[in-house]
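Dropping the structure in here first, questions after.
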Amino acid sequence: MGLTKIELIGFKSFADKEVIEFEKGVTAIVGPNGCGKSNVSDAVRWVIGETSAKQMRGSSMKDVIFNGTETRKSQSFCEVSLFFDNKERQFPNLNFDEVIFTRKLYASGESCYFINREKAKLRDIINNFHDVGISKDGYSIIGQGKVSDIMSSKPEDRRAIFEEAVGIAKSKKEKNDAQKSLEKSRAGIREHGIRVSEIEKRVAPLAAAASKTQEHDKLAAELKKHDINTYIISYEGASGKRDAINQKIAVIDQELGELTTAQNENQAKYNQYSAEINNIDGEIAS
Ligand code: ATP
Ligand code: MG
């Protein structure tokens, strides 16, 4: 990791802006008890997302803000920035030659994170460090007291600690995650297999029903054809009968016309004879 610089403002014992630069190789910070050595590693842990006040050796997270001395008043906020050389893109998702992670906390309790001075979410910070195998719970930062823990733990536990420190734990976690998702996929495949066999069981009755439906459709089409034929035939029969009746009506009409003419003629003759009878009666009377 190319940690090149830490900048602290108002963090714990660092009341003023303090810059600690790291050269290549090993850097050691020495000083008397209580001078603030552990506060430096606390600062690193804090920026990479520590949210436990206890881990920060305080009772509340606000305890990381410089709380004043007899001669200096307390600060209203604290800010820590970690500078990384990213020319080789150790942080693959951050396309910058230098990456600066910053965390800021106000006495009001408001807390914010920045990546290259741009506001970011805690999750972004955690994810970026996770990409390079560093987490607040890992052994990339070994606090005071942890060394004796390591020495007194069982060989298997010690192995786990060293694996975590060299980043194998990250690969192991990825392998575990991959195995879990593989198992999930297998379970999914099994479930689908069960569903396929259930569906297959229903295929035969459905095929029988489908052929019945086809037969029904065929018969219904035939029935429709016959219905139409029946209608045409009965229509043709009815129109034949209608023509015959019309012919009869025409004959009757003609007879009726002839009878009417005859009746008219007879009426005229009757009238004529009546007139003649009247004349004769007149002559007889005279
Ligand atoms: P040791 O060698 O004993 O491990 P150290 O160098 O690691 O000591 P730290 O634990 O880093 O020392 O620093 C402790 C000092 O930091 C104490 O003097 C404590 O008063 C100071 N300190 C911690 N929090 C604050 C704060 N919020 N404001 C001011 N000073 C603080
Ligand atoms: Mg210490």
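In each ligand, atom 1 is the first atom listed, and ligand 1 is the first ligand listed. Nothing here was measured: the structure is a model prediction, and the numbers come from that model.
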TODO: Indicate whether the side chain of Thr4 and that of Asp85 have a donor and an acceptor atom separated by less than 3.5 Å.
DONE: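 Distance-only check fails for Thr4 and Asp85.
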TODO: Please lay out, stage by stage, how Phe101 and Tyr113 fare under the test ring-ring contact (aromatic ring centres under 6.0 Å, His included).
DONE: CA-CA 8 Å; Phe101 295 96; Tyr113 298 85; over 10 Å; no
- [ ] Would you mind running through ligand 1 and noting each atom that sits below 4.0 Å from a heavy atom of Gly36?
- [x]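 Close to Gly36: 5 (P), 6 (O), 9 (P), 11 (O), 12 (O), 13 (O).
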Task: Ion pair check, Glu50 and Arg45, cut-off under 4.0 Å - done: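 Judged by the 4.0 Å cut-off on N to carboxylate O distance, Glu50 and Arg45 do form a salt bridge.
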Open item on the list: Heavy atoms only, cut-off 4.0 Å: how does Val40 contact ligand 1, side chain, backbone, both, or neither?
Closed with: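 Val40 to ligand 1: no contact under 4.0 Å from either part.
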Open item on the list: Heavy atoms only: which of Lys62, Gln75, Lys12 lies closest to atom 24 (N) of ligand 1?
Closed with: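 That would be Lys12.
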Open item on the list: At less than 2.8 Å, would any N/O/S atom of Ser38, backbone or side chain, sit next to the Mg ion (ligand 2)?
Closed with: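 Yes, since at least one N, O or S atom of Ser38 sits under 2.8 Å from the Mg ion (ligand 2).
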Open item on the list: For Ile65, which part has a heavy atom under 4.0 Å from ligand 1: side chain, backbone, both, or neither?
Closed with: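 Only the backbone of Ile65 comes within reach of ligand 1.
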Open item on the list: Using 0.5 Å steps for rounding, measure from the CD atom of Glu79 to the CZ atom of Phe114.
Closed with: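 Rounded to the nearest 0.5 Å, the CD-CZ separation comes to 7.0 Å.
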- [ ] State the atoms of ligand 1, each with its element, that fall below the 4.0 Å cut-off from a heavy-atom position in Arg57.
- [x]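 Ligand 1 atoms under the 4.0 Å threshold to Arg57: 9 (P), 10 (O), 11 (O).
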TODO: Mark the output for Gly31 as yes if a heavy-atom distance to ligand 1 is under 4.0 Å, and as no if none is.
DONE: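 No; Gly31 lies far enough from ligand 1 that no heavy-atom distance drops under 4.0 Å.
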- [ ] Using the ring of Phe77 (Phe, Tyr or Trp, six-membered ring only), decide whether Lys104 places NZ or CZ under 6.0 Å from its centre and within 45 degrees of its axis.
- [x]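 Yes, Lys104 sits over the ring of Phe77.
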- [ ] Run the numbers for me: atoms of ligand 1, each under 4.0 Å from some heavy atom of Asp63, listed by number.
- [x]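 Here the atoms of ligand 1 in question are 26 (C), 27 (N).
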